[in-house]
Visitor: 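Please see the structure below; I have some questions.
Below, read A as the first sequence line, B as the second, and so on, with proteins coming before strands; counting in each chain starts at 1.
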Amino acid sequence: MDLKAQLKQAVETAAQQLGMPVDAAIQETPSSKPGDYGTPAAFQMAKAAGRNPAEVAAQLAAAVVLPAGIKKVEAVGPFINFFLDIGDFVRGVVEKPFQMPALSGKVVIEHTSVNPNKELHVGHLRNVVLGDSMARIFRAAGHTVEVQNYIDDTGRQAAESLFAIEHYHRVWDGETKYDQWLGEGYVQLNADPQKPELEAGIMDIMHKLEAGVLRPLVEQTVKAQLATCFRLGARYDLLNWESDVVGSGFLAQAMNILEGSRYTSRPSEGKYAGAFIMDVSEFMPGLEEPNVVLVRSGGTAMYAAKDIGYQFWKFGLFEGMKFKPFMPDPEGREIWTSAPDGQPDDQKRFGHAQEVINVIDSRQDHPQTVVRSALGVAGETGKKERSIHLSYAFVTLEGQTISGRRGVVVSADDAMDEAEKRALAVLSDINPELAKREDAAEIARRIGIGAIRFAMLKAEPTRKIDFRWEQALALNGDTAPYVQYAAVRATNILRRAEEAGLKTDGTGADWESIPKIDLVLAKQVAKLPEVVAQSVRVHSPHVVAQYALDLATSFNAWYNAKDKQGKPATNVLQSEVGLREARLALMVRLRQAFEETAALIGIEIPAAM
RNA sequence: GCACUCGUAGCUCAGGUGGAUAGAGCGUUGGCCUCCGAAGCCAAAGGCCACUGGUUCAAGUCCAGUCGAGUGCACCA
């Protein structure tokens, strides 16, 4: 049990003994107040007992039994505050491994899911980075995670790009990135005044796509798009193709399940006569029109019905899709794909999620709520609650709406190129020696990609992002390089210590000599597991990004601290023997915290900066 | 019209289950490299937390309403 939980219990036990039971909240004290942790529990107790809060607080402070690691307790007005034993606490932080929240269960996270007709643009970056970071965080929290990427291979966009190849007799030079080359045809077609007359040809391609005969071309596009995602650091377990979802009969199976619900019907008269409809008013209150059409009166299915079937499958409500290996990812792990010629999933390896997270633009809020409601209609209320839409606001580019059709975009690859270029330029400017090293390009890559990822997830997903070069690729302030720089500084201290032959594993440490200023840093390090737990709870990585900044800020402030004479107060290597060893051990722990925190949001720490 | 999301410093944003004097970054101004790297640190200035009312010992946080911004509301995909 962690310290806060122990404090909570200690306070509640004491309150119970005083005859004023309470649910005590333990919080960190503001930095200007005495103590490390405190509770306002006396407010509630005093209220219930009709007494003065300060008196109750004094009485409570006298009654509470201090857990190990707490040195003293003090009533401060109506609050009671606890004081940590500094040496004990720092030693505990250094010696105990992180206790990540012990969650379990399989989580399916779907992200990326871009149309296979064009290269990714900067707007797509947000989706990929959000989804990939969630996958990393959920894994760290103990969940089994399966990352799925939906390939809409029967859509109109894919058809138009492929149509453009034959219509304009386009030939790929084998060098241009394939998805980018394909997208050029798409833009050309949509700028073509003759386009309305080409409808028959486009429809022909759509039929061929549905029949699966153009799949090799789409696969080539998907591979080119995945190269961009890999470069960003994203990884996948499974690609699900729309043609396979349709071909596996999910639609019929889902409609079978819904058929039995009291919320669905086939009206014989009125405006929905002959259609199969679902009343979602109980799940989506306040709608003007409570009914959603699933199957048209002509017998054809609506798009929403297909989405519902797919979501049902993710939760394991039925089987039917076949799978085979697709390609290895950069680490050599196999990515699987749905395929008509694949093997049935006898081991129930894919899907069967306890929780499903779909990373989708907030413009899909309404349809996603319908999909979620369908689980309620099917009587699966538990699964409905664990059907999460990670909804994020769209990205604009320098204030302009991004339009793939018109082609006025910056591609994701261009953004990454530019980010790495800027990082290298800064490197050459402020650290010319480093820029000459062999790994300079790798350092610039980590900084550039880190900067982009961080810019995409430091704010809440509901915030609109305007992608501006100056902001997204900034290398100081609230950025990944700020965090990376702090981590590199910690590494440098450790490198120097090793050169001097000093022990960094805590041997020879005098924990009692640690001053209060180091405690602040150690407390920050100790927060990581709580941060992970909160990120999982709110389904957003921005919590982790903000924590990474806090950690770096705490360390930088500590690193630069001066004593009253204006001399450095925390120089590790020049600290007294004993304190020096304790601080070196703390640096090892801090460095590890930086690595782990950054890894949660897909950011790598460079070897040097 | 209805639904959803949002409104915190000049700009961009943080502010777990309501608690102590609302915090960062950018920008502005002024300091800090004979001592582990200045992509850093310290300080100053800048706030009726959109507005009104309510609940509470306690509201940026919860509730209702108003105003403002964005998005979505087809037997389309």
Side-chain angles (χ1 to χ4, degrees), chain A residues 23 25 27 29-30 32-33 38-41 43-44 46-47 53 76-79 81 152 154-157 271-277 284-289 292-298 300-304 306 361-367 369 391 393-394 423 426-427 429-431 434 447 458-466 468 470-471 474-479 481-482 484-486 488-490 492-497 500 530-531 533-535 537-538 542-543 545-546 549-550 552-553 555-562 566-568 570-575 583 587 608-609:
Chain A
D23 178 19
Q27 54 205 176
T29 55
S32 58
K33 297 292 172 188
T39 177
F43 276 115
Q44 290 167 62
K47 170 74 174 165
V76 181
F79 292 87
N81 291 353
D152 183 2
T154 60
R156 190 175 176 91
Q157 276 94 339
K271 69 171 172 172
Y272 293 122
F276 182 52
I277 63 171
M284 302 171 70
L287 289 181
E288 284 178 306
E289 171 54 65
V292 174
V293 174
L294 295 174
V295 181
R296 286 179 276 252
S297 48
T300 57
M302 297 283 288
Y303 195 85
K306 191 219 69 201
D361 192 326
S362 66
R363 283 175 285 207
Q364 297 294 318
D365 280 356
H366 184 79
T369 310
S391 168
F394 62 89
V426 171
L427 201 61
D429 191 33
I430 66 181
N431 201 338
L434 198 56
I447 296 170
K458 70 178 171 186
E460 277 186 292
T462 50
R463 294 275 176 195
K464 288 183 282 273
I465 291 183
D466 186 25
R468 280 180 257 159
E470 294 315 316
Q471 241 170 271
L475 302 177
N476 49 34
D478 282 350
T479 64
Y482 176 81
Q484 291 167 322
Y485 182 70
V488 166
R489 274 179 149 174
N492 287 342
I493 294 172
L494 292 169
R495 200 191 57 239
R496 292 255 182 168
E530 280 177 63
V531 169
Q534 195 198 344
S535 177
R537 197 162 57 240
V538 302
H542 85 279
V543 179
Q546 292 293 333
L549 289 174
D550 289 344
T553 300
F555 175 58
N556 280 331
W558 177 84
Y559 183 92
N560 281 291
K562 305 277 198 293
K567 303 284 185 190
T570 55
N571 189 305
V572 174
L573 299 178
Q574 296 184 8
S575 299
R583 282 180 163 162
M587 287 305 106
M609 283 179 81

Visitor: With a non-hydrogen cut-off below 4.0 angstrom, is A:A273 in contact with a base, only sugar-phosphate, or nothing?
Guide: base
Visitor: Hey, is the side chain of A:R296 poking within less than 4.0 Å of OP1 or OP2 on B:A77, counting only N and O atoms?
Guide: yes
Visitor: So what's B:G68 paired with, Watson-Crick or G-U wobble, going by both distances under 3.5 Å?
Guide: B:C6
Visitor: When you compare the side chains of A:N556 and A:Y485, does any donor N or O come within less than 3.5 Å of an acceptor on the partner?
Guide: no
Visitor: Any side-chain N or O of A:H542 under 4.0 Å from OP1/OP2 of B:U12?
Guide: no
Visitor: Who does B:A24 pair with, Watson-Crick or G-U, both distances under 3.5 Å?
Guide: B:U12
Visitor: Would a 4.5 Å heavy-atom cut-off, applied to side chains only, mark A:L287 and A:H366 as touching?
Guide: yes
Visitor: Would you mind reading off the distance between A:L573 atom CG and B:G37 atom C1', rounded to a whole angstrom?
Guide: 13 Å
Visitor: Starting from the 5' end of RNA chain B, give me the residue, A:N556 or A:K458, whose nearest nucleotide shows up first.
Guide: A:K458
Visitor: Do A:R489 and A:F555 meet the cation-pi criteria used here (NZ or CZ under 6.0 Å from the six-membered ring centre, within 45° of the axis)?
Guide: no
Visitor: If you look at every strand shown and take non-hydrogen atoms under 4.0 Å, does A:T369 touch a base, only sugar-phosphate, or nothing?
Guide: nothing
Visitor: For the pair made of CG in A:N431 and P in B:A39, what is the distance, rounded to whole Å?
Guide: 8 Å
Visitor: Look at the side chain of A:E288 against the base of B:G1 and say whether a donor-acceptor pair falls under 3.5 Å; ignore hydrogens and angles.
Guide: yes
Visitor: What integer distance in Å separates A:K464:NZ from B:G70:P?
Guide: 7 Å
Visitor: When you measure from the side-chain N and O atoms of A:Y482 to the phosphate of B:C26, is any distance below 4.0 Å, counting only OP1 and OP2?
Guide: no
Visitor: From CD of A:E289 over to C1' of B:C4, roughly how many Å is that when rounded to an integer?
Guide: 18 Å
Visitor: Identify the two heavy atoms, one from A:Q27 and one from A:P40, that lie closest to each other, and give their separation to 0.1 Å.
Guide: OE1-CD, 3.4 Å
Visitor: Identify whether any heavy atom of A:Y272 sits under 4.0 Å from a base atom; if not, whether one sits that close to sugar-phosphate; answer base, sugar-phosphate or nothing.
Guide: base
Visitor: Applying the Watson-Crick and G-U wobble criteria at under 3.5 Å, what pairs with B:U34? Answer none if nothing qualifies.
Guide: none
Visitor: Regarding B:A20, can its base be found pairing with the side chain of A:N81 as donor and acceptor, where the two atoms are less than 3.5 Å apart?
Guide: yes
Visitor: Report which part of the nucleic acid A:N571 touches: base, sugar-phosphate, or nothing (heavy-atom distance under 4.0 Å, all strands).
Guide: base
Visitor: Ring stacking, A:F43 with base of B:A58, under 5.5 Å and under 30°?
Guide: no
Visitor: Scan A:G155 against the nucleic acid and name what it touches under 4.0 Å (heavy atoms): base, sugar-phosphate only, or nothing.
Guide: nothing
Visitor: Which whole number of Å gives the distance between the P atom of B:A24 and that of B:G65?
Guide: 36 Å
Visitor: Given the structure, check if the side chain of A:T462 and the base of B:C6 hold any donor-acceptor pair shorter than 3.5 Å.
Guide: no
Visitor: More 5' along RNA chain B: A:P461 or A:L427, using each one's nearest nucleotide?
Guide: A:P461
Visitor: My understanding is that a pair needs two contacts under 3.5 Å, Watson-Crick or G-U wobble. By that rule, which nucleotide pairs with B:C48?
Guide: none
Visitor: When rounded to the nearest Å, what value does the distance between P atoms of B:G37 and B:G16 take?
Guide: 37 Å
Visitor: Between B:C4 atom C1' and A:L287 atom CG, what is the distance in whole Å?
Guide: 10 Å
Visitor: Quote, to the nearest angstrom, the C1' distance that separates B:C4 from B:G10.
Guide: 30 Å
Visitor: Does B:A39 pair with anything, Watson-Crick or G-U wobble, both distances under 3.5 Å, and if so, with which nucleotide?
Guide: none
Visitor: Find out whether A:F79 and A:T29 are in side-chain contact, i.e. whether some heavy atom of one side chain is under 4.5 Å from a heavy atom of the other.
Guide: no
Visitor: Please determine if a side-chain N or O atom of A:R363 lies less than 4.0 Å away from the OP1 or OP2 oxygen of B:C73.
Guide: no
Visitor: Is the phosphate of B:U17 approached by A:R537 (side-chain N or O, under 4.0 Å from OP1 or OP2)?
Guide: no
Visitor: Could you give the CG-to-C1' distance, from A:L549 to B:C13, as a whole number of Å?
Guide: 11 Å
Visitor: Base, sugar-phosphate or nothing for A:T570? Non-hydrogen atoms, less than 4.0 Å.
Guide: base
Visitor: Does the side chain of A:R495 get closer than 4.0 angstrom to OP1 or OP2 of B:G37 through an N or O atom?
Guide: no
Visitor: Check every strand shown and say whether A:N492 touches a base, only sugar-phosphate, or nothing at a heavy-atom separation below 4.0 Å.
Guide: base
Visitor: Let me know the distance between OH of A:Y559 and C1' of B:C33, rounded to the nearest Å.
Guide: 11 Å
Visitor: Taking pairing as Watson-Crick or G-U wobble with both contacts under 3.5 Å, can you name the mate of B:G1, or confirm there isn't one?
Guide: B:C73
Visitor: Between A:Q534 and A:V531, does a side-chain contact (heavy atoms from CB on, under 4.5 Å) hold up when you go through it step by step?
Guide: CA-CA 5 Å; A:Q534 195 198 344; A:V531 169; 5.8 Å; no
Visitor: Less than 4.5 Å apart, side chain to side chain, heavy atoms only: is that true for A:T553 and A:Y482?
Guide: yes
Visitor: Strictly by Watson-Crick or wobble contacts shorter than 3.5 Å, is anything paired with B:G18, and which nucleotide is it?
Guide: none
Visitor: Determine: side-chain N/O of A:R156 to OP1/OP2 of B:C76, distance under 4.0 Å, yes or no.
Guide: no
Visitor: Is there a side-chain contact between A:V538 and A:E460 in this structure, where contact means two heavy atoms from C-beta onward sitting under 4.5 Å apart?
Guide: no
Visitor: Looking only at side-chain N and O atoms, does A:Y303 come under 4.0 Å of OP1 or OP2 in B:A77?
Guide: no
Visitor: Could you check how far CD of A:Q27 sits from C1' of B:G15, rounded to whole Å?
Guide: 14 Å
